[in-house]
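In this text, all values refer to a predicted model and were calculated from it rather than measured experimentally.
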Amino acid sequence: MKFVHAVEGLSLWVGRAFGWCIMLLTLSVTYEVFVRYVLNAPTVWAFDMMVQMYGALFLMCGAYALAQDTHVRADVVYRLFPVKVQAGLDFVLYFMFFFPGILALVWYGWEIAADSWRYKEVSFNSPASIQIYFFKTLIPVSGALLMIQGMAELVRCVQAMRTGVWPERLADVKETEDLLTEADMDQIRSVIPGK
């Protein structure tokens, strides 16, 4: 489990670091709205910055979401299976769909980033001609991080198939919905005798 937790730690660190893109997005949108509608002096760079910050957040937080098991999934039937069956199913699906898709992301992302660096690509949507080859480098990097996290998930699946229990994940933030559910359950237990 040292390998799994080391990879999860990396994914958490990268996700938290790129989570600050939300702050940059908020500040840039606020600034743009102010200068556009109050001062009547819109910027030429705000739109491109917002697109790149959102794209960076989306790309670089994929491994974080996988490490925290927060990707959206249709698990109406899946959650009814025993843990060993869930783990076996996940193991097979990682090889059938996840790894081929991520390998394509890394392969073609590398080609896209290399081409972008070769001709020093700039945004054609911007009058400021903002450079975007730095941003396109994040495509293969995010794919590599997802590939590494996917390997950790395979180890997690093998462990669950052996023991029948999913290994603990490194804890980070919790959804408000989950916190409220836990608080509600604690309150119910305190009222019902013997619980």
Side-chain angles (χ1 to χ4, degrees), residues 3-74 93-154 169-170 172-173 175-176:
F3 167 74
V4 172
H5 286 156
V7 171
E8 282 181 3
L10 173 65
S11 296
L12 291 178
W13 184 85
V14 171
R16 288 177 191 150
F18 277 86
W20 286 99
C21 290
I22 293 291
M23 184 65 73
L24 293 173
L25 273 166
T26 303
L27 293 173
S28 63
V29 169
T30 303
Y31 178 77
E32 176 64 19
V33 168
F34 177 76
V35 298
R36 178 178 296 252
Y37 295 108
V38 175
L39 303 178
N40 198 24
T43 65
V44 294
W45 53 264
F47 176 75
D48 284 314
M49 181 182 176
M50 289 181 259
V51 168
Q52 289 191 29
M53 288 297 103
Y54 181 72
L57 177 69
F58 180 79
L59 283 169
M60 298 305 289
C61 289
Y64 173 88
L66 187 58
Q68 291 292 293
D69 194 31
T70 57
H71 279 285
V72 176
R73 66 170 77 183
L93 293 176
Y94 272 112
F95 278 108
M96 286 178 61
F97 299 108
F98 179 82
F99 285 113
I102 298 303
L103 188 60
L105 177 68
V106 171
W107 184 271
Y108 291 109
W110 179 265
E111 288 180 3
I112 289 167
D115 287 345
S116 187
W117 274 90
R118 190 174 66 248
Y119 53 85
K120 303 293 188 221
E121 186 176 8
V122 297
S123 173
F124 62 88
N125 290 327
S126 170
S129 296
I130 293 175
Q131 300 162 337
I132 59 174
Y133 47 93
F134 298 109
F135 171 70
K136 287 195 174 181
T137 303
L138 295 179
I139 298 169
V141 171
S142 68
L145 287 170
L146 277 164
M147 186 76 70
I148 295 167
Q149 183 60 46
M151 290 178 204
E153 294 300 316
L154 285 180
R169 293 183 180 275
L170 292 181
D172 197 31
V173 296
E175 295 285 336
T176 305

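Between Ser11 and the choices Gln149, Arg16, Gln68, the side chain to side chain donor-acceptor pair (under 3.5 Å) rule is met once, by Gln149.
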Verdict with reasoning, Trp110 to Ile139, per side-chain contact (heavy atoms from CB on, under 4.5 Å): CA-CA 7 Å; Trp110 179 265; Ile139 298 169; over 6 Å; no

Worked check of side-chain contact (heavy atoms from CB on, under 4.5 Å) between Ile132 and Val122: CA-CA 5 Å; Ile132 59 174; Val122 297; 5.8 Å; no

From CA spacing to verdict: side-chain contact (heavy atoms from CB on, under 4.5 Å), Trp117, Phe134: CA-CA 8 Å; Trp117 274 90; Phe134 298 109; 3.4 Å; yes

side-chain contact (heavy atoms from CB on, under 4.5 Å) between Tyr31 and Thr43, worked out: CA-CA 9 Å; Tyr31 178 77; Thr43 65; 3.7 Å; yes

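Here the closest heavy-atom approach between residue Leu59 and residue Ser142 is recorded as O-CB, 3.2 Å. Taking every heavy atom of both residues into account, Glu121 and Tyr133 meet most closely at O-CD2, 3.3 Å. Summarising the geometry of Phe135 relative to Gln52, their closest heavy-atom pair is CE1-O, 3.5 Å, with the distance given to 0.1 Å. Contact record, Gly143 with Leu105: CA-CD2, 3.6 Å, taken as the closest heavy-atom pair. Across all non-hydrogen atoms, the minimal contact from Phe98 to Leu146 is CZ-O, 3.4 Å. The two residues Val141 and Thr137 come nearest to each other via the heavy atoms CG2-O, 3.3 Å.
Taking the six-membered ring for Trp and the full ring otherwise, the centers of Tyr64 and Trp13 sit at least 6.0 Å from each other.
Here the CG-CD1 distance, from Leu145 to Ile102, works out to 10.5 Å after rounding to the nearest 0.5 Å. Interatomic distance, CH2 of Trp107 versus CG of Leu103, reported as 8.0 Å (0.5 Å rounding). Expressed to the nearest 0.5 Å, how far CD of Glu153 lies from CZ of Arg169 amounts to 4.0 Å. Separating the NZ atom in Lys136 from the CD atom in Glu111 is a distance of 12.5 Å, to the nearest 0.5 Å. Rounding to the nearest 0.5 Å places CD1 of Ile22 at 8.0 Å from SG of Cys61. Taking CZ of Phe47 as the reference point, atom OG of Ser28 lies at 11.5 Å (rounded to 0.5 Å).
A side-chain donor-acceptor contact under 3.5 Å links Thr30 to the backbone of Thr26.
With a 4.5 Å cut-off on side-chain heavy atoms, Trp20 and Leu57 do not count as touching.
Contacts of Met151 classified as side-chain contact (heavy atoms from CB on, under 4.5 Å), with partners at least two apart in sequence or in another chain: Phe3, Phe99, Met147. The salt bridge (Lys or Arg N to Asp or Glu O under 4.0 Å) test applied to Arg36 returns Glu32, not counting sequence neighbours.
Within 6.0 Å of CZ on Phe97 lie no more than 12 heavy atoms contributed by other residues, nucleotides or ligands.
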